[in-house]
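These values consider heavy atoms only, across backbone and side chains, with no hydrogens, waters or symmetry-generated copies. We're numbering straight along the sequence, starting at 1.
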Amino acid sequence: MTRLFIQILLQRSLNQLLYFVHRNQENQNAAVTFILLGFSEYPKLQIPLVLLFLTIYSVTVLGNLGMILIIKINPKLHTPMYYFLRHLSFVDLCYSTVVTPKLLENLTVEDRTISFTGCLAQFFFACTFVVTETFLLAVMAYDRFVAVCNPLLYTVVMSPKLCSLLVGASYSWGTVCSLTLAYFLSELSFRGNNIINNFVCEHASIVAVSCSDPHISQEITLASATFNEVSSLMIILTSYVFIFITVLKMPSTGGRHKAFSTCASHLTAITIFHGTILFLYCVPNSRSSWLMVKVASVFYTVVIPMLNPVIYSLRNKDVKETARKLVNTKLLCQQCKSA
């Protein structure tokens with residue numbers, strides 16, 4: 001049911017996005033294109049960067065698809081926590097796929113242009129999945145709060161219906177935010193070829209090359225980003241304050257260690273994800289800071305989707321055991337075929 005809801009939601013969002021684009025006849029008639037500079041100012045690093053990003057993307061695809069498969073086939077992992085983790089892996093895979101293939105293409109060809117429609121679509125989908133991940137991490141914090149603070153009521157509180165509702169709300173809010181921002185971007189005017197000093201069509205870079213007043217778009221983006229970051233962090237911090245208090249009251253050292261270990265992976269993922277986003281907030285908007293913006297953007301759009309499956313699998317015995325069985329089964333099948 002959740003999968004069908006996500007498919008319908010994304011299809012309707014794409015149709016709405018295309019409507020916004022086609023409605024803006026001024027940009028379409030002017031044959032507006034964008035040139036993504038990416039890392040073109042470092043020609044000697046093009047091949048090493050291609051190899052690096054291709055490796056990272058391959059690990060990202062294998063890691064996240066593997067995590068989704070492992071959670072699906074292991075009955076022990078059919079719990080609310082792993083239900084959320086499966087969707088986190090799906091979101092990581094999606095927004096890495098929105099960004100990385102285009103990044104690899106721009107590193108290997110001289111023509112780095114992208115159409116107005118393509119740029120807006122990339123921004124929309126990247127924004128959708130990043131906002132969705134922001135609230136999925138908050139939902140997972142709430143899940144850990146219930147598991148640690150109310151363990152006897154955990155299966156009752158975190159019912160399948162509530163889990164589906166929380167995941168659906170995360171996708172829906174991500175889509176609403178992205179559609180709103182994409183709409184106001186589509187209302188801006190552009191002329192001819194526009195050089196974007198980044199490897200991805202992100203809001204600040206698109207607005208910087210607009211020839212109309214972007215004030216409304218910038219204000220709405222700032223309000224949306226601030227609300228998403230503050231509200232999600234408030235949910236996370238509140239959940240972990242209660243978790244910390246509950247753990248300190250536990251009489252046994254073993255119980256405290258077990259409670260902390262169940263939260264360690266999630267805390268690591270939250271720290272990396274929100275730390276990178278907050279760093280981007282703090283970077284001043286100047287020419288000298290564009291390199292830092294690019295590096296930080298690479299980290300949260302390319303590297304973090306690779307790290308999450310690693311973070312969650314290294315500390316989990318059930319995940320590692322299932323992965324080992326899958327590898328052994330595959331090797332056994334190959335040996336049988338060769339025999």
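One distance of note links OG1 of Thr33 with CG of Asn194; it measures 6.5 Å at 0.5 Å rounding. To the nearest 0.5 Å, the span separating OG on Ser224 from CD on Glu229 amounts to 11.0 Å. To the nearest 0.5 Å, the span separating CZ on Phe273 from CG on Leu307 amounts to 12.5 Å. Ile196 contributes atom CD1, which lies 8.0 Å from atom CD1 of Ile114 (distance to the nearest 0.5 angstrom). Here the CZ-CD1 distance, from Arg86 to Ile70, works out to 13.0 Å after rounding to the nearest 0.5 Å. Here the CG atom belonging to Leu233 is positioned 6.0 Å from the CG atom belonging to Leu278, to the nearest 0.5 angstrom.
Using a 4.5 Å heavy-atom cutoff, the side chains of Leu36 and Lys102 are in contact. Counting only heavy atoms from C-beta outward, the side chains of Leu136 and Val167 approach each other to under 4.5 Å. Proximity of Ile220 to Thr180: side-chain heavy atoms (C-beta onward) are separated by under 4.5 Å at one or more points. Between Ile311 and Asn308, the closest side-chain pair of non-hydrogen atoms falls below 4.5 Å. With a 4.5 Å cut-off on side-chain heavy atoms, Tyr142 and Val157 count as touching. Using a 4.5 Å heavy-atom threshold, the side chains of Asn228 and Cys177 count as touching. Proximity of Leu37 to Phe199: side-chain heavy atoms (C-beta onward) are nowhere separated by under 4.5 Å. Between Phe299 and Ile272, some side-chain heavy-atom pair lies under the 4.5 Å cut-off.
Counting all heavy atoms, side chain and backbone alike, Ile68 lies closest to Ser89 at CG1-CB, 3.8 Å. Summarising the geometry of Gln218 relative to Val207, their closest heavy-atom pair is NE2-CG1, 3.4 Å, with the distance given to 0.1 Å. Between Val302 and Phe53, the shortest heavy-atom distance links the atoms CG1-CD2, 4.2 Å. Contact record, Cys263 with Val148: SG-CG2, 4.3 Å, taken as the closest heavy-atom pair. Taking both residues in full, the closest heavy atoms of Ala141 and Ile243 are given as O-CD1, 4.4 Å, listed atom of the first, atom of the second, then distance. Of all heavy-atom pairs spanning Glu133 and Leu88, the tightest one is CD-CD1, 3.6 Å.
Hydrophobic cluster membership is shared by Leu45 and Leu107, with clusters built from Ile, Leu, Val, Met, Phe, Trp and Tyr side chains linked at under 4.5 angstrom. Each of Leu137 and Ile235 belongs to its own hydrophobic cluster when Ile, Leu, Val, Met, Phe, Trp and Tyr are linked at side-chain heavy-atom distances under 4.5 angstrom. Transitive grouping of hydrophobic side chains (ILVMFWY, heavy atoms separated by less than 4.5 Å) brings Met306 and Val50 into a common cluster. No single ILVMFWY cluster, assembled from side-chain heavy atoms under 4.5 Å apart, contains both Val131 and Leu120. No chain of hydrophobic side-chain contacts below 4.5 Å, direct or via other Ile, Leu, Val, Met, Phe, Trp or Tyr residues, connects Leu93 to Met140.
Side-chain atoms of Ser205 and Glu202 include a donor-acceptor pair closer than 3.5 Å. Side chains of Ser297 and Thr301: a donor-acceptor N/O pair is absent below 3.5 angstrom, by distance only. For the residue pair Ser212/Ser210, the side-chain donor-acceptor check at 3.5 Å is satisfied. His203 and Ser217 form a side-chain donor-acceptor contact under 3.5 Å, judged by distance and modelled atom types alone.
At distances below 3.5 Å, not a single donor-acceptor pair connects side-chain atoms of Asp143 with backbone N or O atoms of Pro80. Looking at Thr226, its side chain never comes within 3.5 Å of a backbone N or O of Ala223 through a donor-acceptor pair. Distance alone, capped at 3.5 Å, is enough to place a donor-acceptor pair between the Gln46 side chain and the Phe39 backbone. Between the Tyr95 side chain and the Tyr300 main chain, a donor and an acceptor come within less than 3.5 Å of each other. Using modelled atom types, one side-chain atom of Ser170 and one backbone atom of Leu166 make a donor-acceptor pair closer than 3.5 Å. A donor-acceptor contact shorter than 3.5 Å is absent between the side chain of His266 and the backbone of Arg144. Side-chain atoms of Thr108 come within 3.5 Å of backbone N or O of Glu105 as a donor-acceptor pair.
Ring centers of Phe135 and Tyr171: at least 6.0 Å apart, outside the cut-off.
Aromatic ring orientation, Phe227 versus Trp173: perpendicular (interplanar angle above 60°, classes split at 30° and 60°).
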In a table with atom names and distances, give each donor-acceptor pair under 3.5 Å that connects a side chain of residues 56-67 to protein atoms at least two apart or in another chain.
| unit_1 | atom_1 | unit_2 | atom_2 | d |
| --- | --- | --- | --- | --- |
| Tyr57 | OH | Thr97 | OG1 | 3.0 |
| Ser58 | OG | Leu54 | O | 2.8 |
| Thr60 | OG1 | Ile56 | O | 2.7 |
| Asn64 | ND2 | Thr60 | O | 2.9 |
| Asn64 | ND2 | Pro305 | O | 2.9 |

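The environment of CD1 in Ile47 is sparse: at most 12 heavy-atom neighbours from other residues, nucleotides or ligands sit within 6.0 Å. Crowding of Ile216 atom CD1: a count of heavy atoms from other residues, nucleotides or ligands under 6.0 Å not exceeding 12. Tyr154 OH: more than 12 foreign heavy atoms inside a 6.0 Å radius.
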Dump the intermediate steps for ring-ring contact (aromatic ring centres under 6.0 Å, His included) on Phe145 and Tyr240, then the final yes or no. CA-CA 7 Å; Phe145 157 73; Tyr240 275 102; 9.8 Å; no
Given the rule in the side-chain contact (heavy atoms from CB on, under 4.5 Å) test, do Phe123 and Leu181 qualify, once you have shown the distances and angles that lead to the verdict? CA-CA 9 Å; Phe123 164 78; Leu181 299 181; 3.8 Å; yes
In sequence, state the C-alpha distance, the side-chain angles, and the governing distance for Ile236 and Ile270, and then conclude on side-chain contact (heavy atoms from CB on, under 4.5 Å). CA-CA 9 Å; Ile236 291 168; Ile270 286 172; 3.7 Å; yes
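Each of Phe90, Tyr83, Phe84 was scored for a ring-ring contact (aromatic ring centres under 6.0 Å, His included) with His87, with one residue passing: Tyr83.
Cys201 pairs with Cys119 as a disulfide, the SG atoms being under 2.5 Å apart.
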